[in-house]
Structures are given as C-alpha cells and as structure tokens.
Amino acid sequence: YIQKQEMVDLTLFKDFHKSQKNLHDDDYNYGQTMSLKVKGKQKDTEYTSKMKLGKPDAQGNAKVIGEQIVKYDNAKEGITLEANFATPGDLTAKIEYDTEKFVKNTKVFADLIYSPASQKSTQKVAGQLKCSKYFGKMGIDIIDSSFFVNLAATAMPCNYCALGMDSIFDFENKRFSKYNLGVAWTLKNINSKFSLEHESKNALTYEFGAINGHYHGKFKDTEVGGSVHFDIQSKDTSCTTAVSSKLNDDLTVKARLNSKGILGVCAITQLKEGLKFIASAEVDSVKLVTQKEIPHKFGFGFDYNLQITCDIASWIYFSQKKK
C-alpha cells in the first residue's frame with residue numbers, strides 16, 4: 001500500500017516539519033499591542049506593508065515598527081527580486097535566478113543585508129541543485145569579516161522517505177557551528193508526514209543537542225499536528241499539539257495546547273473575497289484551576305489581500321491626459 005504511492009516533492013531539512021509549524025504558529029495574533037498588514041499584487045509585482053506598535057517602555061512610549069516588502073517574480077525569465085525596508089532603516093535585498101537554461105536543475109541566490117543602527121552587513125551567495133531524488137544547496141555567508149559555509153542536502157532512497165542534513169562551517173573557529181540531521185516520512189496516500197530530527201544546540205562544543213519529532217496530517221477539512229522536543233543535555237521534554245477545522249466556506253477554527261498547559265484558540269472568518277477577520281486568545285489552563293485571576297491574552301485583526309488588476313501606468317497616463 002505504501003510502496004505504490006507516488007513520489008513526494010523533495011524538501012531541504014529546514015522544511016521537513018514546515019507544515020506542522022505553520023499549523024501551530026499561523027494566525028494567532030494575541031500578545032501584541034497593534035499591528036497592520038496590507039498586501040497587494042499587480043501582475044508580477046507583490047507589495048506587502050506591515051506596521052506594529054511595540055509594547056510601551058517604562059516612560060509609557062511605544063515604538064512603531066514598520067516593514068515594507070516589494071517582490072518581483074518573473075516566472076518566464078526565471079528571476080525573482082525582493083527588497084525589504086524595515087525600521088530602523090534595515091535593508092535586505094534578495095536575488096534568485098533560475099539557471100536551468102545553462103545548467104539543468106539549478107538555481108543561484110544572492111542576499112545583501114545591511115543594518116545602519118549596528119553598522120553591520122551580511123552578504124550571502126548560494127547555489128542549488130534539485131533532481132528527482134537529490135536536493136542540495138551550498139552557500140557562503142560573509143558576516144562583517146567572518147566567513148561561514150552553509151551546506152544542506154536531502155536524498156530520497158524511496159518514494160516516501162527522505163534523509164536530510166543541515167550544517168554551517170565556521171572558518172574563524174575552524175569547526176561546524178551547526179550540524180543537524182533528520183529523516184522524514186511522507187505518506188501521501190493518507191496525507192500524513194512524520195519527521196525525526198537531531199538539532200544541534202551548542203555552537204562551540206560538539207555534543208548531542210535535542211531530538212525533535214513532528215507529525216502533520218490533513219483529513220478532508222481538518223488538519224492535525226504535534227511535536228515532541230527532548231533536550232539530551234538537560235533531559236527536559238516538552239510537547240505541543242494543534243488542530244484546525246474548516247467548519248464552512250467562511251469559518252475556520254483552530255486550537256493548540258502545549259505541555260505547560262498553555263491553550264490557544266483562534267477563529268478566522270472570511271468576510272468577503274480577500275478580507276478576513278481573525279480573533280484569537282490564550283489562557284493558562286493550569287493557573288485557571290489554581291488561581292482566582294486567570295492569566296490570558298486576546299487579540300483580533302483584519303487580513304486584507306488587495307489584488308490590483310488595473311494597469312497602473314495606463315491609469316496615470318489617462319489621468320494626466322484628462323487634465
């Protein structure tokens with residue numbers, strides 16, 4: 001039954017449990033003062049604006065944190081450009097180019113990150129090779145005057161199993177500062193994915209870090225997921241579970257619970273096409289029983305996805321002509 005399933009799409013180690021993480025993290029908007037996100041798209045260009053009001057300091061002043069993202073994605077030419085401007089002036093520029101026409105199954109990447117506040121800059125270049133059963137990515141990071149080599153690779157010995165590794169070599173200290181290994185099983189016939197991973201914790205000493213197990217499954221309109229984390233050095237264990245269910249075309253409810261008893265709930269209502277209302281809350285279920293005052297958080301917001309279908313350049317031209 002398992003052997004006959006079709007081959008699943010390969011991912012790098014960092015994405016082995018991406019679906020489980022998204023189920024657990026996305027849409028819970030409590031614990032913040034105020035935030036605003038507006039997203040628009042016109043042909044190949046996507047624009048995202050984010051604004052968040054930070055928590056007040058001792059004097060009662062709250063800083064406004066902003067982020068503007070412009071992304072140009074031309075699938076025909078195989079090129080993606082992205083610029084990110086963030087408070088207090090941080091700049092990130094990314095280039096992704098599909099080199100398929102020169103070397104089959106390859107892509108190249110380049111990133112530039114500059115922070116005027118700390119006067120620090122980071123340059124990154126990387127190359128990627130992806131075949132049906134092998135996926136590798138190698139890059140060089142230059143952070144100020146320090147050099148690092150990133151190496152990630154995944155191999156698929158069968159249609160449903162993948163072996164992956166993710167590492168960073170620090171040239172200054174002449175050692176690996178990250179060394180992660182994992183295995184993932186994707187059972188497409190039952191829409192489920194499992195992964196077992198080793199996560200390095202100490203960048204200065206070679207030692208076993210933590211063992212993480214993840215699960216994600218989707219059944220009709222319901223998603224379920226969970227994770228277990230075991231720290232080998234401290235012997236601490238923690239776990240989380242999450243569920244999401246689409247009750248109808250306009251309403252989705254979510255819930256998550258961790259081993260500390262922190263319960264989170266979320267409701268997502270589709271008001272109209274491109275506009276969602278999201279409300280979420282968190283409560284400490286342990287203190288709910290032992291204390292009179294219930295520690296809790298609550299948040300709500302709107303998610304507006306603006307699709308611009310008109311040609312902006314033509315609109316400006318006709319406006320000027322009319323004048």
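What's counted below: heavy atoms across the whole structure, side chains too, no hydrogens, waters or symmetry copies. Everything quoted here is computed from the prediction, not taken from an experiment.
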When you look at [atom1] of [X], are more than 12 heavy atoms from neighbouring residues, nucleotides or ligands closer to it than 6.0 Å?
| X | atom1 | result |
| --- | --- | --- |
| Leu251 | CG | yes |
| Lys276 | NZ | no |
| Phe277 | CZ | yes |
| Glu273 | CD | no |
| Lys130 | NZ | yes |
| Phe219 | CZ | yes |

Any sub-3.5 Å donor-acceptor pair from [X]'s side-chain atoms to [Y]'s backbone N or O?
| X | Y | answer |
| --- | --- | --- |
| Asp15 | Lys18 | no |
| Thr87 | Gly66 | yes |
| Tyr28 | Ala255 | yes |
| Ser167 | Leu151 | yes |
| Thr106 | Val103 | yes |
| Asn180 | Ser200 | yes |
| Lys104 | Cys131 | no |
| Arg256 | Gly264 | no |
| Glu46 | Lys41 | no |
| Tyr206 | Phe176 | yes |

Check: Phe16 ring centre within less than 6.0 Å of Phe13 ring centre: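 They qualify: ring centres under 6.0 Å apart.
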Close aromatic pair by centroid cut-off 6.0 Å: Phe298 and Tyr30: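 No, they do not, as the ring centres are separated by 6.0 Å or more.
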Starting at [atom1] of [X], measure out to [atom2] of [Y] and round the result to the nearest 0.5 Å.
| X | Y | atom1 | atom2 | answer |
| --- | --- | --- | --- | --- |
| Lys254 | Ser245 | NZ | OG | 12.0 Å |
| Ile278 | Asn29 | CD1 | CG | 6.0 Å |
| Tyr97 | Phe109 | OH | CZ | 13.5 Å |
| Lys201 | Lys178 | NZ | NZ | 12.5 Å |
| Tyr114 | Thr92 | OH | OG1 | 12.5 Å |
| Glu199 | Ile211 | CD | CD1 | 9.5 Å |

So which heavy atom on [X] is nearest to which on [Y], and how close?
| X | Y | answer |
| --- | --- | --- |
| Thr237 | Phe230 | OG1-CD1, 3.2 Å |
| His17 | Ser195 | CB-OG, 4.0 Å |
| Ala242 | His24 | CB-CA, 4.2 Å |
| Lys133 | Pro157 | NZ-O, 4.2 Å |
| Lys124 | Thr122 | CE-CG2, 3.9 Å |

Full working for side chain to side chain donor-acceptor pair (under 3.5 Å) between Gln123 and Asp111: CA-CA 6 Å; Gln123 298 87 38; Asp111 295 4; over 6 Å; no
Quick check on the hydrophobic clustering: are Ile140 and Ile143 connected, directly or via other members, by side-chain heavy-atom contacts under 4.5 Å?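 In one cluster with Ile140: Ile143, no.
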Is the closest side-chain donor-acceptor distance between [X] and [Y] under 3.5 Å?
| X | Y | value |
| --- | --- | --- |
| His296 | Glu282 | no |
| Glu82 | Thr80 | no |
| Thr205 | Glu207 | no |
| Thr240 | Ser227 | yes |

Aromatic plane relationship, His198 with Tyr179 - under 30° parallel, 30 to 60° tilted, over 60° perpendicular: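 Ring orientation of Tyr179 relative to His198: parallel.
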Would Arg175 count as a cation-pi partner of Phe169, with NZ or CZ less than 6.0 Å from the six-membered ring centre and within 45° of the ring normal?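 Ring-cation test returns no.
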Quick one, Tyr215 with Val224, criterion side chain to side chain contact (heavy atoms under 4.5 Å, CB included). Give me CA distance, side-chain angles, the key distance, then yes/no. CA-CA 8 Å; Tyr215 166 74; Val224 293; 3.8 Å; yes
Enumerate the residue pairs fulfilling side-chain hydrogen bond (donor to acceptor under 3.5 Å, both in side chains) with a member in residues 142-158, sequence neighbours excluded, ordered by first and then second residue.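 Every pair satisfying side-chain hydrogen bond (donor to acceptor under 3.5 Å, both in side chains) with a residue in residues 142-158: Asp141-Asn150, Ser146-Glu172.
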